[in-house]
Protein chains: 2
Amino acid sequence: MVEQRLDATFAALADPTRRGMLASLAKGEASVGELAAPYAMSLAGASKHLGVLERAGLVERRRVGRQHLCRLKAERLAEADRWLKQWERFWTASLDRLEVLLAEEKIT
Amino acid sequence: MVEQRLDATFAALADPTRRGMLASLAKGEASVGELAAPYAMSLAGASKHLGVLERAGLVERRRVGRQHLCRLKAERLAEADRWLKQWERFWTASLDRLEVLLAEEKIT
DNA sequence: TCGTTGTTCAACCATATGGTTGAATATGGC
DNA sequence: GCCATATTCAACCATATGGTTGAACAACGA
């Protein structure tokens, strides 16, 4: 279900290392070693983070020679974005004020 | 920093109970008891979830009589949304194809 | 075939998370 | 003042998470 996918997606995004790896992948495919390089962390640790991203469906890994190349998969990000859009009206300036008033005055 | 706020925001969103509570709050202010009602969970448990949402800045609590009323705060949701927008081009149909090709062909 | 490179696996550790229960606190009504 | 209501606090438990290390595996180069 979408609910469980959102659990995994948001959990995967709740870590700066993983968000950074996604940012790297936005520039194109990269190997595990390349993705791990910026972080003061063992390769095994970085590989685990990629595992989280992969299980959440945010990244695809394929083997090329002895490298494992990773590629961004955007569909789940789109799904998370659609979920967040539900609240767009709350942060849209003019409507935000209105919603606050609605909440306060209990006008339904 | 925005990075740490994103950690807290995405972590808070990575739980179906908390997302459900936010959905309830979209309809207006509600007490802890009201927010807890739909869930097969102790009140203390629900209160902890609200604590997570509050520390993440997604919810504001104020005391009214013996009730603690909660209200949605949308700014952090907007921040998360802006972050996700970075990848919009990857899931936009026509550009998605292009990006995949760019990644595969290593055209920079 | 042997060593090197790239990556994963397995075991382990510390801390965080999601939940419980029972007691404590604060407010309102009688 | 006393009892009921609304909520939090504190202690506890099981499991998940983020990290480590050392060994294993797979592929390339000589």
Side-chain angles (χ1 to χ4, degrees), chain A residues 3-25 28-72 76 106, chain B residues 3-25 28-72 76 106:
Chain A
E3 278 296 292
Q4 285 159 32
R5 288 201 303 270
L6 286 172
D7 287 0
T9 301
F10 284 128
L13 295 180
D15 182 286
T17 302
R18 288 193 291 263
R19 287 197 306 276
M21 286 173 161
L22 289 179
S24 300
L25 288 171
E29 265 190 333
S31 71
V32 174
E34 287 165 351
L35 290 168
Y39 305 99
M41 180 186 304
S42 69
L43 208 61
S47 177
K48 273 174 116 178
H49 279 299
L50 285 166
V52 172
L53 290 169
E54 196 177 24
R55 276 190 302 282
L58 299 176
V59 154
E60 233 174 18
R61 262 192 271 208
R62 69 182 225 272
R63 178 162 223 146
V64 173
R66 44 189 155 175
Q67 300 197 115
H68 296 212
L69 294 189
C70 303
R71 173 154 67 199
L72 188 65
R76 296 293 160 80
K106 294 278 194 195
Chain B
E3 278 297 293
Q4 285 157 32
R5 288 201 302 271
L6 286 172
D7 286 1
T9 302
F10 285 128
L13 294 180
D15 182 284
T17 302
R18 289 194 290 264
R19 287 197 306 276
M21 286 173 161
L22 289 180
S24 301
L25 288 172
E29 265 190 333
S31 71
V32 174
E34 286 165 353
L35 289 167
Y39 305 99
M41 180 186 304
S42 69
L43 208 60
S47 177
K48 273 173 116 177
H49 278 300
L50 285 166
V52 172
L53 290 169
E54 195 177 24
R55 277 191 301 282
L58 299 177
V59 154
E60 232 174 19
R61 264 193 271 209
R62 68 183 225 272
R63 175 163 224 144
V64 174
R66 44 189 157 175
Q67 301 197 114
H68 297 212
L69 294 189
C70 302
R71 173 154 67 200
L72 189 65
R76 297 292 160 80
K106 294 278 193 194

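Since the structure is predicted, the reported quantities are computational estimates derived from the model, not experimental observations. We name chains A, B, ... by the order of the sequence lines, and we start the count at 1 in each one.
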Hey, could you give me the CG/CD distance between A/Asp15 and B/Glu3, rounded to the nearest 0.5 Å? 10.0 Å
Would you mind telling me which of D/dT21, D/dG18, D/dT7 lies closest to the side-chain atoms of B/Val32? D/dT7
Of all of residues 12-22 of chain A, which get a heavy atom below 4.0 angstrom from DNA chain C, listed by number? none
First locate atom CG of A/Leu58, then atom CZ of A/Arg5, and finally report the distance between them rounded to the nearest 0.5 Å. 11.5 Å
What's the closest nucleotide to the side chain of A/Ser42 if the choices are D/dT21, C/dG19, D/dG19? D/dT21
If you check the A/Lys48 side chain, which of D/dT7, D/dT20, C/dT20 turns out closest? D/dT20
Go through the steps to decide whether B/Leu13 and A/Thr9 satisfy the test side chain to side chain contact (heavy atoms under 4.5 Å, CB included), and finish with yes or no. CA-CA 9 Å; B/Leu13 294 180; A/Thr9 301; over 6 Å; no
Nearest-neighbour nucleotide for the A/Ala44 side chain, D/dG18, C/dT7, D/dG22 considered: D/dG22
Judged by each residue's nearest nucleotide on DNA chain D, which is more toward the 5′ side, A/Arg63 or A/Gly45? A/Gly45
Which nucleotide wins on minimum distance to the side chain of B/His68, given the candidates C/dT27, D/dT7, C/dT8? D/dT7
Is any side-chain heavy atom of B/Leu53 closer than 4.5 Å to a side-chain heavy atom of B/His49? no
C/dG19 C1' sits how many Å from B/His49 NE2, rounded? 8 Å
Any chance you could lay out the side chain to side chain contact (heavy atoms under 4.5 Å, CB included) test for B/Phe10 and A/Arg19, step after step, and finish with the verdict? CA-CA 11 Å; B/Phe10 285 128; A/Arg19 287 197 306 276; 4.1 Å; yes
For D/dT7, does either OP1 or OP2 sit under 4.0 Å from a side-chain N or O belonging to B/Ser31? yes
Heavy atoms from C-beta onward define the side chain here; which of D/dT20, D/dA27, C/dT27 lies closest to that of A/Arg66? D/dA27
